[in-house]
*Asks:* 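Take a look at the following structure, please.
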Amino acid sequence: AVFAGIKGSAIENFSCVIYDVSLMNCTWQAGRNAPGDTQYFLYWKKSNDENESGCELYIKGENGMHTGCRFQNVMIEGKTAYFLVYGISNDSRIQFYDEYITLYKIGKFTPPLNVSVNCTIDPAGCTITWQKPRTSYEKPEHCFEYEINIQNK
């Protein structure tokens with residue numbers, strides 16, 4: 001693809017994480033050759049949604065430059081989303097950055113729910129139970145793996 005604009009003016013180190021079931025944080029750094037007055041704007045769309053939506057809440061760095069975005073109510077499901085970050089500057093053309101991201105790959109799960117430990121002396125032993133973490137979509141129980149770390153204090 002041919003990108004119009006100053007070489008090295010597109011954002012760098014773009015990354016997104018979905019946490020607490022439906023909150024998404026995307027962050028980036030200004031292009032190393034971007035003029036000081038550059039401002040960046042993020043748009044995204046899920047493949048089957050027709051309309052792109054802009055950032056709801058920008059994270060601002062020095063000089064008020066947008067260096068990230070926070071989204072609420074993000075539904076993961078099996079979707080791949082398209083992200084586009086473009087920049088504007090008064091005296092130069094800024095290159096854009098775009099990427100397709102499979103949403104479930106950037107999800108971080110909350111801890112398992114209702115963890116309980118029941119220990120008996122006779123015969124000595126403990127039973128630990130829990131429920132799967134909250135998710136914004138249905139995932140069968142067998143899709144989860146857990147690791148238990150027991151330390152003697």
*Asks:* Please identify each residue that fulfils side chain to side chain donor-acceptor pair (under 3.5 Å) with Trp28, with sequence neighbours left out.
*Replies:*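 Once residues adjacent in sequence are excluded, Trp28 has no partner under the side chain to side chain donor-acceptor pair (under 3.5 Å) criterion.
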*Asks:* Name all pairs fulfilling the side chain to side chain donor-acceptor pair (under 3.5 Å) condition that reach into residues 111-120, sequence neighbours left out, sorted by first residue then second.
*Replies:*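 For residues 111-120, and leaving out neighbouring residues, the side chain to side chain donor-acceptor pair (under 3.5 Å) pairs sorted by first residue read Asn114-Gln131, Ser116-Thr129.
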*Asks:* Under the rule for side chain to side chain donor-acceptor pair (under 3.5 Å), what residues qualify as partners of Asn63, not counting sequence neighbours?
*Replies:*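 Residues passing side chain to side chain donor-acceptor pair (under 3.5 Å) with Asn63: none at all.
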*Asks:* Other hydrophobic cluster members with Leu57, side-chain heavy atoms of Ile/Leu/Val/Met/Phe/Trp/Tyr under 4.5 Å, chained?
*Replies:*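 None; Leu57 is a cluster of one.
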*Asks:* Can you run down the disulfide bond (SG atoms under 2.5 Å apart) pairs that involve residues 7-45, sequence neighbours left out, and say none if there aren't any?
*Replies:* Cys16-Cys26
*Asks:* What residues form a disulfide bond (SG atoms under 2.5 Å apart) with Cys143, not counting sequence neighbours?
*Replies:*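 If we apply the disulfide bond (SG atoms under 2.5 Å apart) test to Cys143, skipping adjacent residues, there are no hits.
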*Asks:* Would a 4.5 Å heavy-atom cut-off, applied to side chains only, mark Val74 and Leu23 as touching?
*Replies:* no
*Asks:* Under the salt bridge (charged side-chain N to carboxylate O under 4.0 Å, His left out) definition, can you give me all pairs with a residue in residues 32-41, not counting sequence neighbours?
*Replies:* Glu12-Arg32
*Asks:* Under the rule for ring pair (Phe, Tyr, Trp, His ring centres under 6.0 Å), what residues qualify as partners of Tyr58, not counting sequence neighbours?
*Replies:* His66
*Asks:* Does anything in residues 123-135 pair up under salt bridge (charged side-chain N to carboxylate O under 4.0 Å, His left out), and if so which pairs, sequence neighbours excluded?
*Replies:*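 As it turns out, the salt bridge (charged side-chain N to carboxylate O under 4.0 Å, His left out) pairs with a partner in residues 123-135, which skip direct neighbours, are Lys132-Glu138.
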*Asks:* Would one find more than 12 heavy atoms of other residues, nucleotides or ligands at under 6.0 Å from atom OH of Tyr43?
*Replies:*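 Counting neighbours around OH of Tyr43, 12 or fewer heavy atoms of other residues, nucleotides or ligands fall under 6.0 Å, so no.
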*Asks:* Between Tyr97 and Gln95, does a side chain to side chain donor-acceptor pair (under 3.5 Å) hold up when you go through it step by step?
*Replies:* CA-CA 7 Å; Tyr97 173 92; Gln95 295 177 323; over 6 Å; no
*Asks:* Not counting sequence neighbours, which residues clear ring pair (Phe, Tyr, Trp, His ring centres under 6.0 Å) with Tyr104? List them please.
*Replies:* none
*Asks:* Hey, could you give me each pair passing disulfide bond (SG atoms under 2.5 Å apart) that has a residue in residues 63-119? Not counting sequence neighbours.
*Replies:*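 Disulfide bond (SG atoms under 2.5 Å apart) check on residues 63-119 returns Cys55-Cys69, Cys119-Cys126.
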*Asks:* Under the salt bridge (charged side-chain N to carboxylate O under 4.0 Å, His left out) rule, what pairs show up with a residue in residues 104-128, not counting sequence neighbours?
*Replies:* none
